[in-house]
Amino acid sequence: MDGSCTIERVNHRETATAFRIWTVFQKSYKAEAELLGVDSFPPLERSVESIRDSDNAFWCLLAGGQPGGVVEVDDQVTCLDICSLAVSPEFFRQGVATALMSHVLSLATNRDVVVQTARLNVPAISLYRGFNFTETETREGRDGIVLVSLIKKRTLAQL
């Protein structure tokens, strides 16, 4: 990643912005569906309208003016829930997910951070473990996809 990258909170209520977020999600989640070996993948069913109408916050990493990745968070009082973290395939392995995760953790301050991903999504699991997330539970999701929940507990030493 070079110095031309910025992370900005975007106004997802604007249809054009919601469409750009949706485009990143579609590209990223198609690659994840292939990784998981599934034809049906719930995140691919999400619409531009559902993004536009969401109460969550969306942060976008812009690389040369292009959206390289998006993170969606539900900024709750007691914890910060990462609802989606997606990187456009043309930006894979360039530090986009790491930069977005660092940003999310800076938003969490003294709260726990939680996330859920597919058990077979090894790149995502590795990313979260690299930030000291620990697994809390595993369950079977829709279409037989095994999901794992992870948490990064904030301790007083981290404040």
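We count residues from 1, following the sequence as given. These numbers come from the heavy atoms of this one structure, side chains and all, not from hydrogens, waters or symmetry mates.
We find the OG-CD distance between Ser50 and Glu45 to be 10.5 Å, quoted to the nearest 0.5 Å. Rounding to the nearest 0.5 angstrom, the gap separating the CZ atom in Arg52 from the OG1 atom in Thr17 is 11.5 Å. Note that the NZ atom of Lys30 and the CZ atom of Phe41 stand 13.0 Å from one another [nearest 0.5 Å]. Residue Asp112 holds its CG atom at 10.0 Å from CG of Leu80, rounded to the nearest 0.5 Å. Cys60 contributes atom SG, which lies 13.5 Å from atom CZ of Arg9 (distance to the nearest 0.5 angstrom). With rounding to the nearest 0.5 Å, the separation of CG in Asp39 from CG in Leu44 is 11.0 Å.
When hydrophobic clusters are built by joining Ile, Leu, Val, Met, Phe, Trp and Tyr residues whose side-chain heavy atoms come closer than 4.5 Å, directly or via intermediates, Leu62 is not grouped with Phe25. Hydrophobic clustering (side-chain heavy atoms under 4.5 Å, transitive across Ile, Leu, Val, Met, Phe, Trp, Tyr) groups Tyr29 together with Leu147. Side-chain heavy atoms closer than 4.5 Å link hydrophobic residues (I, L, V, M, F, W, Y) into clusters, and following such links, even through other members, never connects Ile151 to Leu105. Note on Phe91 and Val70: separate hydrophobic clusters, where clusters join Ile, Leu, Val, Met, Phe, Trp and Tyr whose side-chain heavy atoms are under 4.5 Å apart, directly or indirectly. Linking Ile, Leu, Val, Met, Phe, Trp and Tyr residues whenever their side-chain heavy atoms come within less than 4.5 Å places Leu127 and Val104 in a single cluster.
For the pair Val10 and Ile21, the minimum side-chain heavy-atom distance is below 4.5 Å. Leu120 has its side chain out of reach of Leu35: every pair of non-hydrogen atoms, C-beta onward, lies at least 4.5 Å apart. Using a 4.5 Å heavy-atom cutoff, the side chains of Glu32 and Thr117 are in contact.
In terms of modelled atom types and a separation under 3.5 Å, the side chain of Ser28 and the main chain of Val24 share no donor-acceptor contact. A donor-acceptor pair under 3.5 Å is formed between the side chain of His12 and the backbone N or O of Ser54. Between the side chain of Arg111 and the backbone N or O of Lys153, no donor-acceptor pair lies under 3.5 Å. A donor-acceptor pair under 3.5 Å links the side-chain atoms of Arg154 to the main chain of Thr109, judged by distance alone.
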Take Val113 and Phe131, measure what side chain to side chain contact (heavy atoms under 4.5 Å, CB included) needs, and give me the verdict at the end.
-> CA-CA 11 Å; Val113 180; Phe131 280 97; over 6 Å; no

When you look at Ser88 and Gln66, which way does the side chain to side chain contact (heavy atoms under 4.5 Å, CB included) test go after all the steps?
-> CA-CA 10 Å; Ser88 288; Gln66 297 298 315; over 6 Å; no

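The existence of a salt bridge linking Glu14 and Arg20 is excluded, since no basic side-chain nitrogen approaches an acidic carboxylate oxygen closer than 4.0 Å.
Between Ser40 and Ile145 the shortest heavy-atom distance is O-CD1, 4.2 Å. Pairing each heavy atom of Gln26 with each of Pro43, the nearest pair is NE2-O, 4.4 Å. Contact record, Tyr128 with Leu85: OH-CB, 4.0 Å, taken as the closest heavy-atom pair.
Of the options Gln116, Glu135, Arg139, a side-chain contact (heavy atoms from CB on, under 4.5 Å) to Ser149 is made by Gln116 and by none of the others. Exactly one of Ile51, Asn56, Ile82, Asp81 qualifies for a side-chain contact (heavy atoms from CB on, under 4.5 Å) with Glu72. That residue is Asn56.
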